[in-house]
Amino acid sequence: MKIATWNVNSVKVRLPRLLEWLKEFSPDVALLQEIKVVDEGFPSMEIQDMGYNLAVHGQKTYNGVAILSKHRLEDVSMGLPGGDGTDGQARYLEAFTGGVRVACIYLPNGNPAPGEKYDYKLAWMDRLVAHARDLLAWEEVVVLGGDYNVCPADEDVWNPVAFAADALCLPPTRNRFRQLLHLGYTDAVRVFHTGPLYSYWDYQGGAWEKDHGLRIDHLLLSPQATDRVTAAGVDRTPRGREKPSDHTPVWCDLEV
DNA sequence: ATGCCTTGCGGAGCAAGA
């Protein structure tokens with residue numbers, strides 16, 4: 001079962017890229033972030049025609065997440081628990097599909113740090129850690145995938161010195177990501193690959209051509225999912241195409 | 001030091017991204 005995450009940076013603009021990638025890569029489950037549309041604006045027809053069921057948690061202009069699955073989507077819930085209903089940003093969507101519980105995460109960027117935005121990021125991460133802990137009690141095959149806006153280690157940054165004070169790399173950010181690992185979640189890509197590996201390249205300054213990237217998109221696996229993972233990686237192909245997203249898909253294969 | 005690019009919104013030039 002192939003599960004992939006991709007920050008598409010506007011599902012409307014990226015629709016041709018998305019459709020060709022779905023056809024070529026044919027993931028069983030696709031977790032999309034930054035769709036930047038309200039639910040009614042989502043290109044449901046085109047995607048359903050390719051054999052996918054949909055769960056959409058949209059928002060006007062910013063954010064927005066969606067889950068695409070070839071399997072039935074059950075137990076769909078919008079929003080990260082613990083927000084007291086005050087979280088107006090569409091950044092979290094969860095569902096059970098094909099025997100796997102999947103979360104689609106668009107974690108706040110947090111820049112500039114320090115500041116209100118960074119405080120929001122850290123608070124959001126604390127809520128994620130708490131929810132991730134709760135999920136473990138069910139002993140399910142869980143995949144927490146998405147744009148984490150976290151570079152877990154220096155090897156995930158093309159220039160660690162330049163990014164040392166960035167919200168994606170600051171110690172409080174990395175500490176919270178590490179809490180997820182300490183709970184028992186596994187960074188799928190790092191099971192199979194060592195060394196520098198990126199999932200995002202800035203549009204500016206020819207970052208893609210110079211391979212000036214960051215690894216900020218992740219698939220975290222519960223112990224039950226880790227037992228079943230057979231492969232994982234980054235699919236760089238979509239980033240090199242016409243009108244690309246600045247992110248590229250990250251995927252894993254589970255034997256379920 | 002700043003902008004570099006891309007998006008949405010709205011119909012110019014910001015805000016936001018990372």
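Chain letters run A, B, ... following the sequence lines, proteins first and then strands; every chain starts at 1.
- Side-chain atoms of A:Ile216 lie closest to B:dA18 of the nucleotides B:dG8, B:dG17, B:dA18.
- Looking at the side chain of A:Lys243, the nearest of the listed nucleotides B:dT7, B:dA18, B:dG17 is B:dT7.
- At a threshold of 4.0 angstrom between heavy atoms, the contacts of A:Tyr148 with the nucleic acid are absent.
- Sorted by first then second residue, the salt bridge (charged side-chain N to carboxylate O under 4.0 Å, His left out) pairs that include residues 189-203 of chain A, not counting sequence neighbours, are A:Glu155-A:Arg190, A:Asp156-A:Arg190.
- Among B:dC4, B:dT7, B:dG17, the nucleotide with an atom closest to any side-chain atom of A:Val13 is B:dT7.
- Look at A:Arg228 and A:Asp253 and you find no salt bridge, because none of the NZ, NE, NH1 or NH2 atoms lies under 4.0 Å from a carboxylate O.
- Distance, A:Asn63 CG to B:dC9 C1': 15 Å, rounded to whole Å.
- Here the side chain of A:His247 is nearest to one of B:dT6, B:dA18, B:dC9, namely B:dA18.
- Pairs of residues two or more places apart, or lying in two chains, never qualify as salt bridge (charged side-chain N to carboxylate O under 4.0 Å, His left out) while including a residue from residues 3-13 of chain A.
- A distance of about 14 Å separates the C1' atoms of B:dG8 and B:dA12, rounded to the whole Å.
- Other residues sharing a hydrophobic cluster with A:Val161 under the 4.5 Å side-chain heavy-atom criterion for ILVMFWY residues do not exist; the residue is a singleton.
- Comparing the P positions of B:dC4 and B:dG13 gives a spacing of 14 Å, expressed to the nearest Å.
- The residue among A:Tyr203 and A:Asn149 whose nearest nucleotide of DNA chain B is located toward the 5' end is A:Tyr203.
- Atom name C1', nucleotides B:dG10 and B:dA15: the rounded distance is 14 Å, in whole Å.
- Between B:dA1 and B:dC14, the two P atoms lie 23 Å apart (nearest whole Å).
- Between the C1' atom of B:dA18 and the CH2 atom of A:Trp158 lies a distance of 13 Å, rounded to the nearest Å.
- Residues meeting the ring-ring contact (aromatic ring centres under 6.0 Å, His included) test with A:Tyr92, sequence neighbours left out: A:His131.
- Side-chain proximity of A:Arg14 to B:dC9, B:dT6, B:dA18: nearest is B:dT6.
- As rounded to whole Å, 10 Å separates atom P of B:dG17 from atom OH of A:Tyr120.
- Across the C1' atoms, B:dG17 and B:dG11 are found 23 Å apart, a figure rounded to whole Å.
- The 5' end of DNA chain B is approached more closely, in terms of each residue's nearest nucleotide, by A:Ser10 than by the other of A:Asp147 and A:Ser10.
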Give every pair of a protein N or O atom and an N or O atom of nucleotides 10-16 of chain B that lie under 3.5 Å apart, one pair per line with the distance.
none

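- Pairs of residues two or more places apart, or lying in two chains, never qualify as side-chain hydrogen bond (donor to acceptor under 3.5 Å, both in side chains) while including a residue from residues 37-56 of chain A.
- One atom, CD of A:Gln59, and another, C1' of B:dC9, lie 14 Å apart when rounded to the nearest Å.
- B:dC4 atom P lies 12 Å from atom CG of A:Asp202, rounded to whole Å.
- Look at CG on A:Leu170: it is 16 Å from P on B:dA18, rounded to the nearest Å.
- The interatomic distance linking A:Leu15 (CG) with B:dT7 (P) rounds to 14 Å, in whole Å.
- Rounded to whole Å, atom P of B:dG17 lies 8 Å from atom CD of A:Gln89.
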message = For a ring-ring contact (aromatic ring centres under 6.0 Å, His included) check, start with the C-alpha distance between A:Trp6 and A:Trp251, then their side-chain angles and the critical distance, and finish with the verdict.
response = CA-CA 9 Å; A:Trp6 191 12; A:Trp251 59 273; over 10 Å; no
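- The backbone N or O of A:His71 lies less than 3.5 Å from a partner atom in the side chain of A:Ser69, making a donor-acceptor pair.
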